[in-house]
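Since the structure comes first, as structure tokens, the remarks are kept for the end.
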Amino acid sequence: MSAVGPLGEPATVRRALHLGNRIGSEGGIASVLAVLAQAVVPGWSLSFVATYDQRVSARGLRLLPRAAAVVLFARVAVVHVHLSERGSFLREGMLAALARSRGRRVVLTLHGAELADFARARPRLVRWVLRQAHVVLALSQANAEQARQLLPGAEVRVLPNPVVVPASAPALPAAPVVLFAGEQGRRKGLDVLLEAWPAVRSRVPAAELIVAGVAADVAVPALPGLRDVGMRSRAQVHDLIMTSRVCVLPSRFEVLPMFLLEAMSLGRAVVVTPVGGVPELVGDAGVIVPVGDAPELAEALAALLSDTPRNERLGVAAHETVSRTNSAERVGQDLAEVYDTVTAGAAGGAR
């Protein structure tokens with residue numbers, strides 16, 4: 001009979017505690033954690049404690065005491081903290097510092113799309129939080145370079161967001177449907193998409209645009225062919241992607257959006273802007289248009305909706321791309337390597 005650990009796990013399995021947005025809540029971090037909760041990380045057992053949920057508290061403070069107690073007393077080898085900007089840097093940053101003070105090995109993943117701007121406004125806070133980490137994980141090479149500039153000498157690695165990838169790309173629907181899913185605001189470029197949409201409809205009169213996401217700083221007007229469905233769960237967004245031929249995200253700021261990864265995993269052609277890690281991911285497997293350029297965006301969308309063979313080719317290429325780089329299996333293996341490395345250095349003390 002093999003030896004077992006305190007929770008009935010094999011003794012060779014070590015535990016990593018993830019801290020971040022509540023799984024099932026809105027936002028990219030919650031979506032990432034939901035995928036990781038289902039992923040296989042060889043040699044490791046993952047547990048998850050929520051530190052923030054907008055539905056519980058606008059300030060996100062009510063969940064902190066329990067998270068702090070788990071950090072203090074749970075028998076884990078690694079504390080893996082997921083954070084973005086503003087309040088997250090202070091909230092999750094304090095938990096990272098607490099974990100480090102207790103001798104835990106600390107891994108930080110940077111999810112914030114506006115990290116550079118936040119770091120310029122709060123440089124001391126950002127550097128203090130990054131110093132708590134034994135390893136900083138960035139979602140793209142561009143994101144990693146930002147982290148290295150903020151804290152020269154820090155151990156920074158690239159580990160992209162994971163996504164569940166089906167074995168083959170599902171077939172495209174017949175209807176010319178375009179899907180935008182994300183915060184309904186300028187950061188995601190919704191205003192540019194709304195400006196472009198009448199030109200798309202003039203070329204493809206049957207085209208429909210579905211807008212899904214939480215309301216922000218862009219009001220969605222009544223336009224021909226436009227349907228605002230509001231906030232949707234991950235499962236509902238998945239269903240909307242399946243009913244769409246093209247997915248669009250003309251953002252001004254991004255790191256590595258989960259909506260884009262999920263669309264590509266389902267074999268949908270994507271129209272995006274060259275921000276954050278998006279161009280690094282998409283490459284030739286999608287259409288990249290300039291930030292804020294409504295005419296170019298309209299041209300790209302209309303052209304894809306009018307050219308079914310190209311639409312299909314790009315969808316297949318998108319599926320193949322994320323299968324190689326972002327599948328839950330691939331990311332799970334890479335994450336195990338990170339944990340193995342950071343714990344192997346534990347005997348040598350904190351850096």
Side-chain angles (χ1 to χ4, degrees), residues 21 23-24 26-41 46 82 109 111 113 137 139-140 143 158-173 175 177-183 188 210 212-213 232-251 254-273 275-288 300-301 304 308 310-335:
N21 291 21
I23 294 174
E26 60 267 26
I29 293 178
S31 296
V32 170
L33 296 180
V35 177
L36 287 176
Q38 303 174 52
V40 174
V41 181
L46 309 187
H82 299 261
T109 294
H111 294 268
L137 298 182
L139 303 183
S140 68
N143 191 211
V158 175
L159 187 74
N161 284 335
V163 67
V164 176
V165 184
S168 60
L172 292 179
V177 176
V178 176
L179 174 65
F180 168 97
E183 182 183 76
K188 295 285 187 179
I210 299 175
R232 288 292 183 265
S233 67
R234 286 184 66 239
Q236 290 170 327
V237 170
H238 176 280
D239 292 343
L240 289 172
I241 293 172
M242 292 292 288
T243 65
S244 305
R245 293 182 64 85
V246 178
C247 292
V248 59
L249 199 64
S251 302
E254 286 291 357
V255 181
L256 197 62
M258 286 300 289
F259 168 58
L260 173 59
L261 287 171
E262 289 163 353
M264 295 177 70
S265 76
L266 294 173
R268 271 37 185 176
V270 296
V271 179
V272 297
T273 45
V275 294
V278 171
E280 184 181 321
L281 168 68
V282 171
D284 296 328
V287 180
I288 300 176
L301 291 173
L304 273 179
T308 298
R310 181 173 177 238
N311 196 166
E312 292 175 342
R313 286 196 303 272
L314 285 177
V316 170
H319 176 268
E320 292 175 349
T321 294
V322 296
S323 295
R324 290 193 306 270
T325 60
N326 296 80
S327 70
E329 294 79 9
R330 167 67 184 272
V331 173
Q333 292 173 355
D334 291 345
L335 187 57

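FYI, the numbering just counts along the sequence from 1. Note that these values count all heavy atoms, side chains included, but never hydrogens, waters or copies made by symmetry.
Here the side chains of His238 and Met242 are in contact, with some heavy-atom distance below 4.5 Å. For the pair Val32/His111, a side-chain contact is recorded, criterion being any heavy-atom separation below 4.5 Å from C-beta on. Contact of the Cys247 side chain with the Phe180 side chain is not registered, since no non-hydrogen atoms from C-beta on lie closer than 4.5 Å. Within the 4.5 Å cutoff, no side-chain heavy atoms of Leu159 are placed close to those of Thr109. Inter-residue side-chain proximity for Leu314 and Arg310 is flagged as met; some heavy-atom pair is nearer than 4.5 Å. By the 4.5 Å heavy-atom criterion applied to side chains, Val248 and Leu301 are counted as neighbours. Side-chain contact between Val287 and Val272 is absent, with no heavy atoms from C-beta onward closer than 4.5 Å. Looking only at side-chain heavy atoms (C-beta outward), Thr325 and Val331 stay at 4.5 Å or farther from each other.
Distance check, rounded to the nearest 0.5 Å: CE of Met264 to CD1 of Ile241 gives 12.0 Å. The distance from atom CG of Leu137 to atom CG of Leu335, rounded to the nearest 0.5 Å, is 7.0 Å. From Leu139, atom CG reaches atom CG of Leu281 across 11.0 Å, with rounding to the nearest 0.5 Å. Once rounded to the nearest 0.5 Å, the distance linking CG of Asn21 with OG of Ser31 reads 9.5 Å.
Pairs of residues two or more places apart, or lying in two chains, that qualify as salt bridge (charged side-chain N to carboxylate O under 4.0 Å, His left out) and include a residue from residues 318-331 are Arg330-Asp334.
Side-chain atoms of Gln38 do not come within 3.5 Å of backbone N or O of Val35 as any donor-acceptor pair. Not one N or O on the side chain of His319 forms a donor-acceptor pair closer than 3.5 Å with the backbone of Arg268. Arg245 contributes no side-chain N or O that, together with a main-chain N or O of Val178, makes up a donor-acceptor pair within less than 3.5 Å. A donor-acceptor contact shorter than 3.5 Å is absent between the side chain of Ser251 and the backbone of Glu254. A distance-only check finds no donor-acceptor pair linking the side chain of Asn326 to the backbone of Val163 [under 3.5 Å].
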Query raised in the report: Can you check side-chain contact (heavy atoms from CB on, under 4.5 Å) on Leu256 and Ser140, steps first, answer last?
Result: CA-CA 7 Å; Leu256 197 62; Ser140 68; 5.5 Å; no
Requested in this report: Kindly determine whether Phe259 and Leu249 satisfy side-chain contact (heavy atoms from CB on, under 4.5 Å), including the steps that lead there.
Outcome: CA-CA 8 Å; Phe259 168 58; Leu249 199 64; 4.1 Å; yes
Query raised in the report: Run the side-chain contact (heavy atoms from CB on, under 4.5 Å) check on Val270 and Leu260 step by step: do they pass?
Result: CA-CA 7 Å; Val270 296; Leu260 173 59; 3.6 Å; yes
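If you run side-chain contact (heavy atoms from CB on, under 4.5 Å) between Ser244 and each of Leu266, Leu179, Leu172, Asp239, only Leu179 comes through.
Contact detail for Gly267 and Ala169: the closest heavy-atom pair is CA-CB, 3.8 Å. Closest approach of Pro250 to Thr273, counting heavy atoms only: C-OG1, 3.5 Å. Residues Gly28 and Met258 share a closest heavy-atom pair of O-CG, 3.8 Å. Nearest approach of Val165 to Ser323, heavy atoms of both residues: CG1-OG, 3.2 Å. Summarising the geometry of Leu304 relative to Ala269, their closest heavy-atom pair is CD1-CB, 4.1 Å, with the distance given to 0.1 Å. Contact between Ala328 and Pro162 at its shortest, heavy atoms only, is CA-CB, 4.1 Å.
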